[in-house]
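Just so we're on the same page: letters track the sequence lines, and every chain starts at 1.
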Amino acid sequence: MDVTALLDTLNDAQRQAVSAPPHAMLILAGAGSGKTRVLVHRIAWKIQVEKLSPHSILAVTFTNKAALEMRGRIETLLQISASSMWVGTFHGIAHRLLRRHATQANLPETFQVMDSDDQLRVIKRLLKALEVDEKKWSPRQVQSFINSQKEEGLRAKQLADNGDFYQKNMLRFYRDYEEICHRSGLVDFSELLLRVYELLRDNADLLAHYQTRFRQVHVDEFQDTNTIQYAWLRLLTDGKDNLFVVGDDDQSIYGWRGAKVENIQRFQKHYPQHQVIKLEQNYRSTGHILNAANDLIAHNEQRMGKQLWTNSGQGELISLYTAFNEQDEAYFVVEQIKKWREEGDLKQDVAILYRSNAQSRLFEERLMSAGIAYRVYGGLRFFERAEIKNTLAYLRLMLNQHDDPSFERVINFPTRGIGLKTLDEIRLLARTQQQSLWRSAIALLQQNSLSARAENALKSFLVLIKSLADTAEPLPLHEKVKLVIEHSGLLALYKKETDNQGEARVENLEELVNAARLFDYPMESEEKLSELALFLAHASLEAGEMQAGEGENYVQLMTLHTSKGLEFKKVFLVGLEEGLFPSEQSLYNPERLEEERRLCYVGVTRAMQQLFISHAESRRLYGQENYPQPSRFLREIPSELMQDIRIRTPITRPATVARTKAADSLKTNTYKAGQKVSHTKFGLGIVLQTEGEGTQEKIQVNFKTEGMKWLMLAYAKLDILS
DNA sequence: TTGTTCCAGCTTTTT
DNA sequence: GCTGGAACAA
């Protein structure tokens, strides 16, 4: 392939980015502007034109999916195998480095990776052991404290409590947590990043080695990097000016989990030689949709500034539907999908996007009764399922008996007569002796202090693990997994469950054996670790797909966050109401509000041809009827880009809202739900309901401009208009 | 050990 | 208003 072929299919800005001289580059890539394309072609350029070996290229992404796609596209483009190229997630690459340099990183060779669920379990147990009030110190709170400190690059010993009671306790938990992880040979997700950062920072030789090796470093979704990830990139490219980052400040929607958009500014300061290129031509959406997105995001103050454009025509207007309530909203969406289905089979092109997962239920119900196949993204993924995690815990324990969380998980699962009392004694001994549960269990047996029954049960558990480990030793990976499933008692247990769930679990276990069979482990000469250990790490680092295969005939339901990076011909953006989107928690915080707006921008730019936006006038939330204002984002999209699908006629509010309340209030009250009223100060409004009697009588009115209010009827100056 | 009841909490998610 | 988890009882 010659050089022109690499550039031919690109537009001017893309071409500039791909063929730029080898210095630091910041590519601000708008939604649908061919970001991955540029990244892939840039890497191809490096290999093809600048003759870099794939070996000297590093490309970092956030998700496994993105990493896989990038490698695949490079290989297709260049028709080479890029297996020597390092393409992976931040965590995946950190894991790889730690495996290679475990000793220098002060980790055991067999260290394992914990997922967030494992981490939470460790913290829960730790808090129990310390006998602190779980109401006051919630495990989740502790977890997020620890993770956010690590993401800022801070160890417990680097933090001061300043006499602060809260901080003092948190630091105690943090220290204990580090201790348990160390003893069990476990590393959590943020630890992977921090540990690698420290490894390179403290080992000049290693750092120099990787700085020399990676002649080009590429980062996808740069706006999502957190402090420690950026610090790591800085180390790796220090004084080299060879960092190529692609991102979009307007699509930064993960600030709440530590992402720092400011890293874009930091980049510009730290790499003064850098060049900025904006990709603004959009190949996805029609003109109207892009204009809406542009005008919406222009309401944000904190942005670098970008204007998307297309030369593919204006397309259809955006449709706006005002629903009576959330039921009506779901009804409308599904009716619309039904119409499309009658016109032709279009289901895989349709997505319903919402702010929070709880909103999916109504759409699911409607789709179900309409007989339309759908798929909800989110929820538990394969390697996160309880039966899978139980099996993995046995496998981990076989590999490393001092893995306390795994020990806890399966010592009495399936039940084998080891009660709480025995377990407590083991825990106590472990704590006082500062040793693993496994060692403590053995010690306890030697003390002969247990009852005969407990002793037998415990002994047989230890023997089980040992014999599983020995028997498995010579077997191929999938046979090891199979052995555990069959001999741990898990299979028998799940087979006994006669309901669907039991069946599904058995199927999942079979699938796990299959996954093990198909697992081909990336074995480099230095990575002499056992296949099993790598498989277990893989299970933590890649929890498995949760999406339907490409092009399958499903309507797709997902949160706005999940939709980032995807595109659909027809998009429903639902629930655009103040308090829902933007969410209640963001309403009074300008920064969070801007993030919500970016989220809305992400949603709008998912649509290729048709965008439907809806909101409801009344919505049941947490068992309470709410009358939310339409989202401010609706006002921020120019009205000439939108068409109302139905004329708003609030008088014909459906009976469901008005009926019961109205019937009740009829007895004593003159006001009825649905009546138009006028207030001297608040203006026009619609009566929603009344409550109480006599001087205590209150009335709830939804005012056109002022929103929903409760008024004391005795004082309210209301005129009935209808 | 299992079932029941009570109670808090309630965006967003990848690794 | 529902759900998941924990505490408690049998």
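Summarising the geometry, the separation between CG on A:Leu68 and C1' on B:dT15 is reported as 15 Å, rounded to the nearest angstrom. Atom pair A:Lys150:NZ and B:dT15:C1' shows a separation of 13 Å (rounding to whole Å applied). What separates CG of A:Asp188 from P of B:dT14 is a distance of 18 Å, to the nearest Å. Residue A:Leu193 contributes atom CG, which lies 11 Å from atom C1' of B:dT14 at whole-angstrom precision. Here the C1' atom of nucleotide B:dT1 and the NZ atom of A:Lys421 are 17 Å apart, to the nearest Å. The interatomic distance linking A:Gln251 (CD) with B:dT12 (C1') rounds to 16 Å, in whole Å. The distance from atom NE2 of A:His561 to atom P of B:dT12 is 9 Å, rounded to the nearest whole Å. Atom pair A:Asn626:CG and B:dC10:C1' shows a separation of 13 Å (rounding to whole Å applied).
When the nucleotides B:dT15, B:dT11, B:dT1 are ranked by their closest atom to the side chain of A:Thr63, B:dT15 comes out on top. Here the nucleotide nearest the side chain of A:Trp256, chosen from B:dT11, B:dT13, B:dT15, is B:dT13. The side chain of A:Asn412 approaches B:dT1 more closely than any other nucleotide in the set B:dT11, B:dT1, B:dT13. Comparing atom distances between the A:Glu384 side chain and each of B:dT13, B:dT1, B:dT15 picks out B:dT15 as nearest.
The P atoms of B:dT11 and C:dG4 are separated by 15 Å, rounded to the nearest whole Å. To the nearest whole angstrom, the two P atoms, one in B:dT12 and one in C:dT3, are 15 Å apart.
By the 5.5 angstrom centroid cut-off and the 30-degree plane limit, A:Phe62 is classified as not stacked against the base of B:dT14.
A:Glu221 comes within 4.0 angstrom of nothing in the nucleic acid, heavy atoms only. Residue-level contact check: A:Arg140 touches neither bases nor backbone, having no heavy atom under 4.0 Å from any strand. A:Thr89 comes within contact range of the sugar-phosphate backbone alone, with a heavy-atom separation under 4.0 Å but no base atom that close. A:Lys564 comes within contact range of no nucleotide atom at all, as no heavy-atom separation falls under 4.0 Å.
Residues A:Lys564 and A:Asp224 are paired through a salt bridge, judged by an N-O separation under 4.0 Å between the basic side chain and the carboxylate. Salt bridge annotation for A:Glu594-A:Arg303: absent, with no cationic side-chain nitrogen under 4.0 angstrom from a carboxylate oxygen. Taking a cutoff of 4.0 Å between a charged side-chain nitrogen and a carboxylate oxygen, A:Arg597 and A:Glu636 qualify as a salt bridge. With respect to A:Glu511 and A:Arg505, no salt bridge is recorded, no charged nitrogen being found less than 4.0 Å from a carboxylate O. Salt bridge annotation for A:Lys65-A:Glu69: absent, with no cationic side-chain nitrogen under 4.0 angstrom from a carboxylate oxygen.
On the nucleic acid side, DNA chain C contacts chain A at distances under 4.0 Å to non-hydrogen atoms, with the end points of that region at C:dG1 to C:dA6.
A:Arg234 forms no cation-pi arrangement with A:Tyr197, by the criterion of a distance under 6.0 Å to the ring centre and an angle within 45° of the ring axis. Both tests hold for A:Arg96 against A:Trp86: distance to the six-membered ring centre under 6.0 Å, angle to the ring axis within 45°. No cation-pi contact links A:Arg598 to A:Tyr601, judged by a cut-off of 6.0 Å to the six-membered ring centre and 45° from its axis.
No hydrogens or angles were tested; on distance alone, nothing pairs the side chain of A:Ser116 with the base of B:dT14 as donor and acceptor under 3.5 Å.
At least one side-chain nitrogen or oxygen of A:Arg381 sits closer than 4.0 Å to the OP1 or OP2 atom of B:dT15. Between A:Asn64 and B:dT14 there is no side-chain polar atom (N or O) within less than 4.0 angstrom of OP1 or OP2. OP1 or OP2 of B:dT13 has at least one side-chain nitrogen or oxygen of A:Thr562 nearer than 4.0 Å. Contact annotation: A:Ser540 does not reach the phosphate of B:dT15 (side-chain N/O to OP1 or OP2, under 4.0 Å). Note on A:Asn357: every side-chain N or O is 4.0 Å or more away from OP1 and OP2 of B:dT11. Within the 4.0 Å cut-off from OP1 or OP2 of B:dT11, at least one side-chain nitrogen or oxygen of A:Tyr622 is found.
Applying the 90° criterion around 0 to the glycosidic angle, B:dT12 comes out anti.
The residue among A:Ile253 and A:Leu541 whose nearest nucleotide of DNA chain B is located toward the 5' end is A:Ile253.
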Distance-only donor-acceptor hits, side chain of residues 579-588 of chain A, under 3.5 Å, sequence neighbours excluded:
{"unit_1": "A:Ser583", "atom_1": "OG", "unit_2": "A:Ser586", "atom_2": "OG", "d": "3.0"}
{"unit_1": "A:Ser586", "atom_1": "OG", "unit_2": "A:Glu596", "atom_2": "OE2", "d": "3.1"}

